[in-house]
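Here's the structure we're looking at; comments come further down.
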Protein chains: 2
Amino acid sequence: MTWQRAAVLRVLGGCQDFVSAQELHALLEAAGRGVGLTTVYRALRALAATGRVDVVRDDAGERLYRRRVADGHRHYLMCRCCGRSQPVAAEVVEEWAERVGRDAGFAAVQHTVELTGICALCVPNADEGEPPCRSGPARHGEHRTHSN
Amino acid sequence: MTWQRAAVLRVLGGCQDFVSAQELHALLEAAGRGVGLTTVYRALRALAATGRVDVVRDDAGERLYRRRVADGHRHYLMCRCCGRSQPVAAEVVEEWAERVGRDAGFAAVQHTVELTGICALCVPNADEGEPPCRSGPARHGEHRTHSN
DNA sequence: GATGGACATGGAAGTCGTTTTCAATTAGCC
DNA sequence: GGCTAATTGAAAACGACTTCCATGTCCATC
Ligand SMILES: [Mn+2]
Ligand SMILES: [Mn+2]
Ligand SMILES: [Zn+2]
Ligand SMILES: [Zn+2]
C-alpha cells in the first residue's frame, strides 16, 4: 500500500457519489497530492477487484466509481442530472437473477442492474433534454467541465 | 429506407444472438453487400432509437445488438463464453425498478438489467478464465477474431 | 427529361476513456 | 546500508465510436 493508493481511497471516501477516474485525478491534483492518471486507473481497478468500490457505467460507457460503505454487494439509484446516488434494496432482483439463471441451466451467473432517474431536487430545473448522464448541469449548478 | 439499412436489418435478423457493429459490418462484407462502417453504426443507432433492436454492453463496454422479435421491452440472459442469448421474463424487475424509483422521489426512472453466465453447452469446456465476454472461444469453437 | 433540394453514404480524420510500455523510483526485507 | 521485486507515471498506443465533408441517391416540381 503506497501513499498514492491511500490518497485515492481517501479522496474517494470524501465523495458520497459516483465519480469518474478523471474526476478523481483532478480532485487529487486540487488536493495537492498529484497522482498519475495511470496510477489512479490502476488503483481503481484493484479496489474494484477486491470489492472496496462499486462500479457503474454511464450512458457514454465511462466507468464511475463509488466507495462501498458496508460490505456486500449493492445497487444504486443515480440522478442523471446531478449525479446524486443512493443505494437501494435489491434482494428481489438478486433472487430473480439467480432463479432465472438456474432455470436456464446457466452457471456462474452475473448480473448488472443500474437505476437512473431525475431526483426531486433536479425535477424543477427540468434540464433533462439530452444530457447523456452527468454531462449536463452537475452537482446542482456546478457544471462539471470534464475538459479532456 | 435505403438498401443499406434494409441489408443491416436483414443480416441482423439472421443472427439469433447479439452481435457488435463491427461483426455486423464484417458479415455484410462477407455477404457481398458492402456497407460502410459508418452507415452500419448509423443504422444501428436508428434501429435502437425506434426500438427495433435491443442493445447491451459487454464487459469491455462494446455495444452489442440483437433484433427484437416481438414488440415490447425485453431483457436477456447471455453466455459469456459463446454469446448465445435468450430473452427472460423480467416483470418482477420492472415492478421493482418502478417502485424503488417512486419511493425515492425520482422521475423518469430508467433501468439497465443484464444477465450473463456460462451456458450448459459451454460449462464442460470451462474456458471461463478471463474472456471479457466473447473475446474468448465464441460460437462454440469458432474463435471470433474481432481483429481491429 | 431536366433541375434542385433534402437526405443518405462512406472514407478519412478526430475524439476520448482506457491500457500498455518502459525507464526511473520506491517499498519492503535481509 | 544494500538488494530485489513491485510501483509509479509520462508518453504512446489502443479501439470503439463519432464527426467531417465531398459525393451520391431519391423524388417532387417545372
Ligand atoms: Mn446484485
Ligand atoms: Mn426492463
Ligand atoms: Zn439530481
Ligand atoms: Zn455458451
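Protein chains get the first letters and strands the later ones, always in sequence-line order, with residue 1 at the start of each.
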* **Whole-Å distance separating the CG atom of L44(A) from the C1' atom of dT8(D)** => 15 Å
* **Spacing between R33(A) atom CZ and dT8(D) atom P, to the nearest angstrom** => 15 Å
* Asked: Quick one: do D54(A) and R68(A) make a salt bridge, cutoff under 4.0 Å?
  -> yes
* Which distance, rounded to the nearest 0.5 Å, do you find between the CG of D103(A) and the CD of E98(A)? -> 10.0 Å
* Between dT26(C) atom C1' and M1(A) atom CE, what is the distance in whole Å? -> 15 Å
* Asked: Counting side-chain heavy atoms from CB outward, which of dT18(D), dT20(C), dG17(C) is closest to E62(A)?
  -> dG17(C)
* For atom CG of D59(B) and atom C1' of dG15(D), their distance in whole Å -> 16 Å
* Using atom OH of Y65(B) as one end and atom P of dC17(D) as the other, report the distance to the nearest whole Å. => 6 Å
* Consider only side-chain N and O atoms of H111(B) and H75(A), and report whether a donor and an acceptor are under 3.5 Å apart. => no
* Quickly work out the R63(B) CZ to dG15(D) P distance and round it to whole Å. => 18 Å
Atom pairs under 3.5 Å, N or O on each side, protein against nucleotides 9-12 of chain D: can you list them with distances?
unit_1: dG9(D); atom_1: OP2; unit_2: G36(A); atom_2: N; d: 3.1
unit_1: dG9(D); atom_1: OP2; unit_2: T39(A); atom_2: OG1; d: 2.8
unit_1: dG9(D); atom_1: N7; unit_2: R42(A); atom_2: NH2; d: 2.3
unit_1: dG9(D); atom_1: O6; unit_2: R42(A); atom_2: NH1; d: 3.4
unit_1: dA10(D); atom_1: N6; unit_2: T38(A); atom_2: OG1; d: 3.4

* **d(CD, E29(B); C1', dG10(C)) in whole Å** => 11 Å
* **Any T2(A) side-chain N or O less than 4.0 Å from OP1/OP2 of dT8(D)** => yes
* **dA6(D) OP1/OP2 closer than 4.0 Å to side-chain N/O of R5(A)** => no
* Length of the line joining L24(B):CG and dG10(C):P, which is rounded to integer Å -> 13 Å
* Side-chain donor/acceptor of R66(A) to backbone N/O of Q16(A), under 3.5 Å -> yes
* For R52(A) and L9(A), indicate whether the former's side chain and the latter's backbone hold a donor-acceptor pair under 3.5 Å. => no
* What is the distance from atom CZ of R5(B) to atom CG of L44(B), rounded to the nearest 0.5 Å? -> 10.0 Å
* Asked: Is any side-chain N or O of Y41(A) closer than 4.0 Å to OP1 or OP2 of dT19(C)?
  -> no
* **dA16(D) phosphate, OP1 or OP2, under 4.0 Å from R57(A) side-chain N/O** => no
* **Counterpart residues, side-chain contact (heavy atoms from CB on, under 4.5 Å), relative to A6(B) (two or more places apart)** => M1(B)
